[in-house]
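Contents: one structure, followed by commentary.
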Amino acid sequence: MAIERTLSIIKPDGLKKHVVGQIISRFEAKGLTPVAIRLQQLSQMEAEGFYAVHSARGFFKDLVAFMISGPVVLMVLEGENAVLANRDLMGATDPKKADKGTIRADFADSIDANTVHGSDSLENAKNEIAYFFRETEIQKY
Ligand code: UDP
């Protein structure tokens, strides 16, 4: 199996609920190691740029407003099949449809406030990691 890196974001609702530690514990328990981590208040431009692929969608404005409603935790996770493994831990976009025991089923309130972001392909992971992190900020241990 391939060792991959993926971008994870704990969204503002996750910080406001004080479940950052629980979420990171789930990653570590499944072999997803945080190799870069930063708590950051995104600017409107940063959030719009990150979600540019959704800019024509009806939910875009609300999504950006939500993502800048408080700080987020930005992380690079590394591990075997990290992209898919992270998506499995996250659960479906809509927490009502997410499998029991996933992060979104357990912590998220709604499709808008769904607690975590995770890259959905290896190619997107590379671009999303580069959007927030320089290679020198990514550690090995
Ligand atoms: N989103 C939303 N309403 C929708 C669809 C998506 O608010 O009807 C938000 C939601 O926060 C989601 C993000 O837009 O996490 C990006 O959507 P995507 O389809 O890429 O879902 P994800 O990859 O986050 O599961």
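Whatever order the structure lists ligands and atoms in, that order sets their numbers, starting from 1.
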salt_bridge(R26, D106) N-O dist < 4.0 Å: yes

R104: numbered ligand 1 atoms lying under 4.0 Å from its heavy atoms: 15 (O), 22 (P), 24 (O), 25 (O)

Neighbour count >12 (heavy atoms, 6.0 Å) for atom CD, Q44: no

SB check E135 R5 (cutoff 4.0 Å): yes

Test item: side-chain donor near acceptor, E78 and T33, under 3.5 Å: no

Shortest protein heavy-atom distance from atom 10 (C) of ligand 1, along with the residue and atom involved: I111 O, 3.2 Å

Atoms in ligand 1 with a heavy atom of D112 nearer than 4.0 Å: 7 (O), 11 (O)

Structural part of M90 in contact with ligand 1, heavy atom criterion under 4.0 angstrom: neither

Parallel, tilted or perpendicular, as decided by the 30° and 60° cut-offs, for the rings of H117 and F50: perpendicular

Atom indices of ligand 1, in the order listed, that fall short of 4.0 Å to a heavy atom of R87: 22 (P), 23 (O), 25 (O)

K30, NZ atom: more than 12 neighbouring heavy atoms under 6.0 Å: no

Identity of the nearest option to atom 6 (C) of ligand 1, non-hydrogen atoms only, from F60, F50, F59: F59

Ligand 1 contacted by R57 (non-hydrogen, < 4.0 Å): no

T115 and D13 side chains, donor-acceptor separation under 3.5 Å: yes

Subset of ligand 1 atoms that lie under 4.0 Å from at least one heavy atom of L63: 9 (C), 11 (O), 14 (O)

Close approach of N114 to ligand 1, heavy atoms, under 4.0 angstrom: yes

Salt bridge D109-K17, side-chain N to carboxylate O under 4.0 Å: yes

Taking atom 25 (O) of ligand 1 as the reference point, the nearest protein heavy atom with its distance: T93 OG1, 2.6 Å

Enumerated ligand 1 atoms positioned under 4.0 Å from heavy atoms of H54: 16 (C), 17 (O), 18 (P), 20 (O)

